[in-house]
Amino acid sequence: MSSRNMKLDEIEARVQAAFETTEQRKRDALLAWQALDDQANQTRLKTERLRALRLAREAEEAAAKASAARSAAAAKRPRRVAAKAP
């Protein structure tokens, strides 16, 4: 419909409706963007927590291996005993 045949009130009503539709789309897009951002932050935090747990577990396992290696090495060393004089 051409705006030439419309009254000023009708034109203003169409413009207002188009504006409100555009503003609603902007609000919806902002909400969707915030939801995605929140989800990304939650994923990032979970990944950091799991990484910290994995690194702690690996450090504990490495310490246990080092301790086991030291005790195994100490057990394999022959003890030197001073010869007793007859």
Taking atom [atom1] of [X] as the centre, does the number of heavy atoms from other residues, nucleotides or ligands within less than 6.0 Å exceed 12?
X     : atom1 : value
Arg27 : CZ    : yes
Glu20 : CD    : yes
Arg57 : CZ    : yes

> How many angstroms lie between CG in Leu55 and CG in Leu50, if you round to the nearest 0.5 Å?
Replying inline: 11.0 Å
> Between atom CD of Gln42 and atom CG of Asp37, what is the distance when rounded to the nearest 0.5 Å?
Replying inline: 10.5 Å
> Under 4.0 Å between a Lys/Arg side-chain N and an Asp/Glu carboxylate O for Lys26 and Glu23?
Replying inline: yes
> Is the shortest distance from a Lys or Arg side-chain nitrogen in Arg44 or Glu48 to a carboxylate oxygen in the other one below 4.0 Å?
Replying inline: no
> Would you say the side chains of Asp28 and Gln24 form a donor-acceptor pair under 3.5 Å?
Replying inline: yes
> Does the salt bridge (Lys or Arg N to Asp or Glu O under 4.0 Å) test come out yes or no for Arg54 and Glu58, once each step is laid out?
Replying inline: CA-CA 6 Å; Arg54 179 179 50 84; Glu58 288 175 356; 3.4 Å; yes
> Short question: side chain of Ser67, backbone of Ala63 - any donor-acceptor pair under 3.5 Å?
Replying inline: no
